[in-house]
Number of protein chains: 2
Amino acid sequence: MAVDQLDATFAALADPTRRAILKRLKSGEATVMELAAPFEMSQPAISKHLKVLERAGLISRGRDAQRRPCRLEPGPLKAATDWLENYRRYWEEQYQRLDALLDVLKEET
Amino acid sequence: MAVDQLDATFAALADPTRRAILKRLKSGEATVMELAAPFEMSQPAISKHLKVLERAGLISRGRDAQRRPCRLEPGPLKAATDWLENYRRYWEEQYQRLDALLDVLKEET
DNA sequence: GGGATATAAATCCACTCGGTTATACAACCG
DNA sequence: CGGTTGTATAACCGAGTGGATTTATATCCC
């Protein structure tokens, strides 16, 4: 995956409003109005957030009359997870060391 | 995990320089100078990136005379991965649909 | 056609970001 | 002590972000 794709994905995920929008979209498509409803924020602000999510490829949009329903696109989320998976080994090692340390301490008592 | 902790983690990960620094730290501790060497960037710029990573809890720093070695801290990376894992079902569904589509296409030929 | 609804676009502002240079601080070395 | 090395801080700059408000566009419904 291209570097700037990861940039855009992580940058998009770094905002709680946008993460909440993604969470909402897990339960199915939604229009801009539906997505905006839970937030004390203007509709244009939500549209901007949606544009960020769309540019990052995290959502895509259809057309239903004057509505532009949004749906979740899992590709970039998977790519981000794959990138983070490279660090799994590292924290597993650290937790193993922590466990070992705790064992030693337990024996010493 | 607190919302602004995730904010800080994803924001820190949204920069290729910082991701490269993390990657380097997978192979062990490193000083600021060592981390700065691969980049065509001033030392203060690297120090700023390190501060971002430190504030996000992604690294921690020790002290060795006038050096401040950095080491990877896996906690926030794990938290970010856990958050992303909630979306695994989506891409697995999508890939199942893709597989099914490919099967149909294969039968049609 | 005309009003209502859903969304986008344009503009403005305060703020953050990623970089720079210059400077300061702290610890080693001779 | 004085110089050098490693790092942090400050001040600054240009670009981008996240909001608000206002205005435009498009589609539905009557």
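Each chain gets a letter, A, B and so on, in the order the sequences are listed, and its residues count up from 1. Any value given below was found using the heavy atoms of this structure, including those in side chains, with hydrogens, waters and symmetry copies removed.
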Between NZ of A:K48 and P of C:dC13 the distance, given in whole Å, is 14 Å
Base of C:dA6, side chain of A:Q43 - is there a donor-acceptor contact under 3.5 Å? no
The residue among A:R61, A:R67, A:R71 that forms side chain to side chain donor-acceptor pair (under 3.5 Å) with A:E29 is A:R71
Fill in: Presence of A:H49 side-chain N/O under 4.0 Å of D:dG19 phosphate oxygens OP1/OP2
yes
Closest to the side chain of A:V32, out of D:dC12, C:dT21, C:dA8, is C:dA8
The nucleotide from D:dA20, C:dT20, D:dG6 with an atom nearest the side chain of B:M33 is D:dG6
note: B:D7, atom CG; D:dG18, atom P; distance rounded to Å ~ 11 Å
Requested in this report: Considering just the side-chain nitrogens and oxygens of A:S47, establish if one lies under 4.0 Å of OP1 or OP2 belonging to C:dA8.
Outcome: yes
Exactly one of B:L53, B:I59, B:L58 clears side chain to side chain contact (heavy atoms under 4.5 Å, CB included) with B:R18, and that residue is B:L53
Taken to the nearest whole Å, CE/A:M41 to C1'/D:dT21 is 15 Å
*Between B:Q43 and B:S47, is any side-chain donor less than 3.5 angstrom from a side-chain acceptor?*
yes
Can you check whether B:R18 has a side-chain N or O nearer than 4.0 Å to OP1 or OP2 of C:dG18? yes
Winner on side-chain proximity to B:R67, out of D:dT7, C:dG19, D:dG19, is D:dT7
Rounded to whole Å, CG of A:D15 lies from P of C:dC15 at a distance of 18 Å
- prompt: Which part of the nucleic acid does B:A65 contact within heavy-atom distance under 4.0 Å: base, sugar-phosphate only, or nothing?
  reply: sugar-phosphate
Atom CZ of B:R63 and atom P of D:dG6 are separated, to the nearest Å, by 15 Å
Once you apply a heavy-atom cut-off of 4.0 Å, does B:S42 come out as touching a base, just sugar-phosphate, or nothing? base
Atom CD of A:E40 and atom P of D:dT21 are separated, to the nearest Å, by 13 Å
Evaluate salt bridge (Lys or Arg N to Asp or Glu O under 4.0 Å) for B:E85 paired with B:R88, printing each intermediate quantity in order. CA-CA 5 Å; B:E85 282 292 326; B:R88 174 181 294 280; 2.7 Å; yes
Rounded to whole Å, CG of A:D64 lies from P of C:dA6 at a distance of 11 Å
Comparing A:R55 with B:R61, nearest DNA chain D nucleotide closer to 5' gives the residue B:R61
A:F10 CZ to D:dT17 C1', in whole Å, measures 20 Å
query = Are A:L50 and A:V52 co-members of a hydrophobic cluster defined by side-chain heavy atoms under 4.5 Å apart?
reply = no
Practice prompt. Using only side-chain N and O atoms of A:K51, determine if any of them is under 4.0 Å from OP1 or OP2 of C:dA9.
Written response: yes
Among the nucleotides C:dT11, D:dC12, C:dA27, whichever has the atom closest to the side chain of B:Q66 is C:dA27
